[in-house]
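The next block holds one structure in the form of structure tokens; read it before the comments.
All values reported here derive from a predicted model rather than from experimental measurement.
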Amino acid sequence: MDLRRFITFKTVVEEGSFAQAARKLCCTQSTITFQIQQLEQELAYPVFEKVGRRMVLTPAGKLLLPRVRELTRVLDGIRQISSREEDIAGDLRIMVGETLLAYKMPDVLRLFREKAPKVRLSLQSVNCYVIRDSLLADHTDLGVFYRVGNDDALHMEYFGQQELVLVASPQLQQVDFTQREQHIPVSFIINEPQCVFRQIFESALRERKITLENTIELWSIESIKQCVASNLGISFLPRFSVLRELASGELQELPFSETPPSITALCAYHAGRTVSPAMNMFIDCMHQCLD
């Protein structure tokens with residue numbers, strides 16, 4: 001089989017059309033069409049079908065895609081066997097949880113850029129559940145997030161337990177969340193419903209039969225902290241994300257439980273994939289900066 005046809009297939013999927021793939025591969029659209037036809041003849045099954053004006057993957061094409069991605073990663077690894085550390089190249093797709101990206105990753109990214117300047121890094125900040133699902137579907141290379149389940153299909157590198165803390169402005173420091181069965185007339189300021197620490201906090205409130213005035217949803221952790229400091233409500237965040245505000249007195253920690261709840265930070269990738277030199281380098285940089 002001609003490896004170029006598999007690369008063409010992968011490029012069509014990533015670019016979204018035969019025309020865009022032709023531009024990416026610097027060839028004509030008719031060349032792309034011919035290579036896909038030849039691939040389908042070799043495989044004896046179609047990989048694309050036309051739906052309206054769009055070409056979409058067939059069920060067989062969807063099964064083929066992760067194998068083709070794995071094939072191209074193996075080829076990249078073969079090319080880089082004799083490369084020196086500073087010559088590591090290629091693409092690296094990473095998804096990171098928002099708090100980890102803002103407060104834990106800057107040093108990691110700086111070190112990685114120094115050690116692997118030729119790597120084309122694609123970085124995306126998304127929800128932890130989205131990261132896990134993307135890793136399982138092989139849509140991203142690495143995920144840096146909080147553990148949200150036991151997934152045997154993922155290889156996980158752990159980076160410690162991250163303590164969670166309930167914070168408020170100094171004006172609300174007398175509010176007591178340790179007493180059960182009460183209504184507390186304050187707002188809970190947090191991000192979207194699938195946020196891991198939001199789920200932990202809301203689960204504890206349900207168990208204690210505590211209700212709040214309302215929930216204010218914001219995406220940015222910095223915006224959440226500013227609103228809490230302005231006495232608009234309380235929040236429940238990783239301690240590392242509010243260390244500066246707690247030290248300055250802008251925020252106050254409220255008692256919440258005898259044993260502070262925590263979440264597990266990790267870096268993960270699909271256990272069945274070949275680990276590229278760029279992936280290894282990034283994980284090494286995380287250990288150097290976070291261990």
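- Ionic pairing of R273 and D138 is present here: one or more N-O contacts between side-chain nitrogen and carboxylate oxygen are shorter than 4.0 angstrom.
- The CZ atom of F112 sits 15.0 Å away from atom CG of D107, with the distance rounded to the nearest 0.5 Å.
- Between E217 and R198 a salt bridge is recorded (basic side-chain N to carboxylate O distance below 4.0 Å).
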Q: Give the intermediate values and the outcome of side chain to side chain donor-acceptor pair (under 3.5 Å) for residues S30 and T33.
A: CA-CA 5 Å; S30 61; T33 301; over 6 Å; no
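- At a threshold of 4.0 Å, the pair K10-E14 counts as salt-bridged, since one of the basic side-chain nitrogens sits closer than that to a carboxylate oxygen.
- More than 12 heavy atoms of other residues, nucleotides or ligands sit less than 6.0 Å from atom OH of Y129.
- Using a 4.0 Å cut-off between charged nitrogen and carboxylate oxygen, E181 and R208 do not count as a salt-bridge pair.
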Q: Please step through salt bridge (charged side-chain N to carboxylate O under 4.0 Å, His left out) for the pair R244 and E250, ending with a clear verdict.
A: CA-CA 9 Å; R244 179 180 61 82; E250 294 175 68; 3.3 Å; yes
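- For R67 and E70, the salt-bridge test fails: no basic side-chain N is under 4.0 Å from an acidic carboxylate O.
- When ring centroids are compared, F236 and F197 stay outside the 6.0 Å threshold.
- Residues S220 and E222 bring no donor and acceptor atom of their side chains to less than 3.5 Å of each other.
- Surrounding CZ of R113 are more than 12 heavy atoms belonging to other residues, nucleotides or ligands, all under 6.0 Å away.
- What you find for F256 and L166 is that their closest heavy atoms are CD1-CD2, 3.8 Å.
- Other residues, nucleotides and ligands place more than 12 heavy atoms under 6.0 Å from the CZ atom of R180.
- Scanning all heavy atoms of the two residues, the minimum distance from A153 to L136 falls at CB-CD2, 3.7 Å.
- The distance from atom CG of L172 to atom CG of N231, rounded to the nearest 0.5 Å, is 4.5 Å.
- Among all heavy-atom pairs drawn from M279 and T274, the shortest one is SD-O, 4.3 Å.
- Ionic pairing of E253 and R239 is present here: one or more N-O contacts between side-chain nitrogen and carboxylate oxygen are shorter than 4.0 angstrom.
- Here the CG-CD distance, from L237 to E163, works out to 12.5 Å after rounding to the nearest 0.5 Å.
- Classified by interplanar angle (parallel below 30°, tilted 30° to 60°, perpendicular above 60°), the ring pair H287/F159 is tilted.
- Nearest approach of P261 to S257, heavy atoms of both residues: CD-OG, 3.4 Å.
- E98 and N191 form no side-chain donor-acceptor contact under 3.5 Å, judged by distance and modelled atom types alone.
- In this structure, the side chain of E40 engages the main chain of V47 through a donor-acceptor pair within 3.5 Å.
- The only option from D141, L109, L121, L101 that meets the side-chain contact (heavy atoms from CB on, under 4.5 Å) definition with I94 turns out to be L121.
- Here the closest non-hydrogen pair linking F177 and V175 is CE1-CG1, 3.4 Å.
- Closest approach of A60 to Y45, counting heavy atoms only: CB-CD1, 3.6 Å.
- Looking at T31, its side chain never comes within 3.5 Å of a backbone N or O of C27 through a donor-acceptor pair.
- Each of V196, L135, V130 was scored for a side-chain contact (heavy atoms from CB on, under 4.5 Å) with F145, with one residue passing: L135.
- Using a cut-off of 4.0 Å between Lys/Arg side-chain N and Asp/Glu carboxylate O, E15 and R23 are scored as not salt-bridged.
- A distance-only check finds a donor-acceptor pair linking the side chain of T11 to the backbone of I7 [under 3.5 Å].
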Q. Is there a side chain to side chain donor-acceptor pair (under 3.5 Å) between T140 and Y269 once you walk through the steps?
A. CA-CA 8 Å; T140 193; Y269 56 86; over 6 Å; no
Q: Report the C-alpha distance between Q161 and T264 in whole Å, list the side-chain angles of each, state the deciding distance to 0.1 Å, and finish with yes or no for side chain to side chain donor-acceptor pair (under 3.5 Å).
A: CA-CA 5 Å; Q161 294 293 112; T264 304; 2.4 Å; yes
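- The line from CE of M95 to CG of L100 is 15.0 Å long, rounded to the nearest 0.5 Å.
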